[in-house]
Amino acid sequence: MKKLLSLMMVCLCAFGAMAGEVVFDPAVTRGTRTAADGADEMMFEGVTIKTTKGAFNPTTSGNVVNEYRFAKSSETTISCDSKITKIVFDCIDKVGSSYYGGDGFAAMDGMTVSEDTKTVTWTGNANEVKFTASGHQVRATKITITIDGEATPTIGAPTFSPAGGTYYVAQNVEIKAASGATIYYTTDGSDPTTASAVYSEPINVASTTTIKAIATKDDLVSSVASATYTIEQITTVNNIAEYVALGSGAYAAIANPVTVYFVKGQNVWVMDESGRMCIYGKVVGNMNYKSGDVIPGGFGGYLKEYNGGPEMTFEGDQDLFGFQEATIHGDAIAPEVVTTANVSTDIWGHYVEIKKATVSDVNNKNFNINDAAGTLAGYNGMNITLPTDLEVEYNITGIVASHNNNVQLLPSNFEKIINIDDLSTVDNIAALLATAEGTDVKISNPVTVVYQNGENLYIQDESAWTLVFGQLDNTYNNGDILTGIAGSWKTYYQIIEMIPLAESFGEATPGTAVEPEVLAIEELSTNLVHKFIKIDNCAMTKVDDVNYNLNDETGDLTMYMKFNGVTAPEDLTATYNVSGFLTLYKPKDAETAIMEFYPVEFEKVGGEPQPVPGDVNGDGEVTGSDVTALYNHILFGQDTEIFNGDQNGDGEVTGSDVTAVYNIILGL
């Protein structure tokens, strides 16, 4: 009898201590807000989470993000009819330079935060627990609540993705609910029942519509969730001035083309005859626009103020749209030479250069620029390396901006003014790369040009090879000999590149063209970065407009269409001998860089090299040198093995082919 009573007591104790876990997973249970600027709420299996300011259905550039966001200064309440004994937040500690770990929550009794801030644990015994994000925004990928006993069975209301709101294009709306639940919905404004339509695939919303939905599971019925989608017509204007006149908050398109005059990261400054503005966003960055490019009309986005001027960008669910590849690749646009006295808010957005200036009063990102005409405020909004030597003069380039109606310069480069003849000399490229990073020296021996495209100039000598990156006044061809060049080196994405002193890169003398070294993919290594290489018998697979996979049966290699005027062949059923340069690329969120290939020429196996339209001399780009090559061939019989002289396809090489090349250069 005593044994039976003891067994019963054990069972009762076990029942009384029985606990259950309720897991809030953002892939399954979501709230309604997409941005962390207002109150949000969600409920699942008897547990309710409310925040005064946050987003339980966050989006970035219109894309759903699987996390919960608790804004700074928000108060979040987690409640249940049964006692809550434990709450665990799985957090994101950092994204870029922003911190979102659990240490953003204010300390309170029963709460601990792991050393890496990725886990917040509260233990206690309460029906309601409150957390305050006093330090910074907190982002959680999962919330696990342990309850004492069984909670009242409930089923959470469905969630919508994207969330309801104002859109300018049709939306495909997904409805989500707990695993195994059936979703019923209506689009006529009435409340759904189990007799309503059953959700099975995204709902296309092309006009203003209200969607209502419920979820059912195991005889449980959720509350009604509702979302209204307002589809509005996009406003189209002719030019930048008309776009700016719409005012901050407008979402509109520009019908006519604009010209790119400066690019830094995902910031692209553009102009037309009516004005200037900055375009910011990932869509723009993916197009790889460069100075001198012409962007076709039909693009648009959200308008707001940026550093005192107009910016086209994305905001919430209003994305950048309509961006196409540049139709014309013109020459890079040089900065306007000004003095500090010339710089005012009247030339907001202009790309300028201030010569022979000193830097002073450096305070974090703020500093002063001084020249003979006066002093100008600078702000390191592009996050470049500010100079540490404040005793010398610099040529400073940048974008004119303003802050609180006060003009300032956002610097893009500080070029130290150096007397080339006073520099220490080294024998060759290898010796330059062996100096301390940032040390300017002069190379005494000649070097050979391998390839140039925009700001990318590849050179080599008997000791080594490297990439020279920077704006130069001259254009060079494969085989040209340069003497007396000077500069330093820096590390970029785990690779070394030379930073030129532009005035040392003068006229070249012709030499023998450099042939690429033939290597298999399995033979490639990081020691070959910037070397001119040819990979034979490659199969190619297109990933997107600029990314391809190469395979030569010894291995695989990512290929990126880096250079202007170089296009991949359309026939991907054939194999190709591909010439170009090895580099390193660091994918987003990756810890280390991977090898990547920049092609400059494709030679179809069993066929002729695939011509670039207009590339008469076969250097991989279309410039005035191709016009000169045609003239010399037609008038003097020179360059008889021109790469692609018959530009108009009429079977002969005449003056009409010169016109055809001119039209290609001009984008006609």
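For the single chain, residues carry numbers from 1 onward in sequence order. The figures here come from the full heavy-atom set of this structure, side chains too, leaving out hydrogens, waters and symmetry mates.
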Kindly write out the residues that satisfy salt bridge (Lys or Arg N to Asp or Glu O under 4.0 Å) with [X], not counting sequence neighbours, or none if the list is empty.
X    : value
K542 : D545
D25  : none
D116 : none
D37  : R33

My understanding is that only residues two or more places apart in sequence, or in another chain, count here; which of them pass ring pair (Phe, Tyr, Trp, His ring centres under 6.0 Å) with [X]?
X    : value
Y598 : F563
F323 : F299
Y243 : none

Side chain to side chain donor-acceptor pair (under 3.5 Å) filter on S412, not counting sequence neighbours, yields T397
Which of I211, T187, N172 passes side chain to side chain contact (heavy atoms under 4.5 Å, CB included) with V205? Answer is I211
Of N267, N380, I384, N307, the one forming a side chain to side chain contact (heavy atoms under 4.5 Å, CB included) with L410 is N307
Throw together a table of side-chain donor-acceptor distances under 3.5 angstrom for residues 225-234, partners on residues two or more places apart or in other chains.
residue, atom, partner, partner atom, Å
T228, OG1, T210, OG1, 2.8
Y229, OH, P162, O, 2.6

**Message:** One pair to check against salt bridge (charged side-chain N to carboxylate O under 4.0 Å, His left out): D90 and K142. What are the steps and the verdict?
**Reply:** CA-CA 5 Å; D90 292 345; K142 185 173 70 173; 3.7 Å; yes
Residue pairs passing the salt bridge (charged side-chain N to carboxylate O under 4.0 Å, His left out) test with at least one member in residues 204-217, sequence neighbours excluded, are D191-K212
Residue set satisfying side chain to side chain contact (heavy atoms under 4.5 Å, CB included) with T112, at least two apart, ordered chain then number -> T121
Which of N127, T146, N125 passes side chain to side chain donor-acceptor pair (under 3.5 Å) with K83? Answer is N127
Residue pairs meeting ring pair (Phe, Tyr, Trp, His ring centres under 6.0 Å), one or both in residues 123-144, sequence neighbours left out, come to F89-F131, F105-F131
Quiz item: Ring centroid separation for Y68 and F56, is it under 6.0 angstrom?
Solution: yes
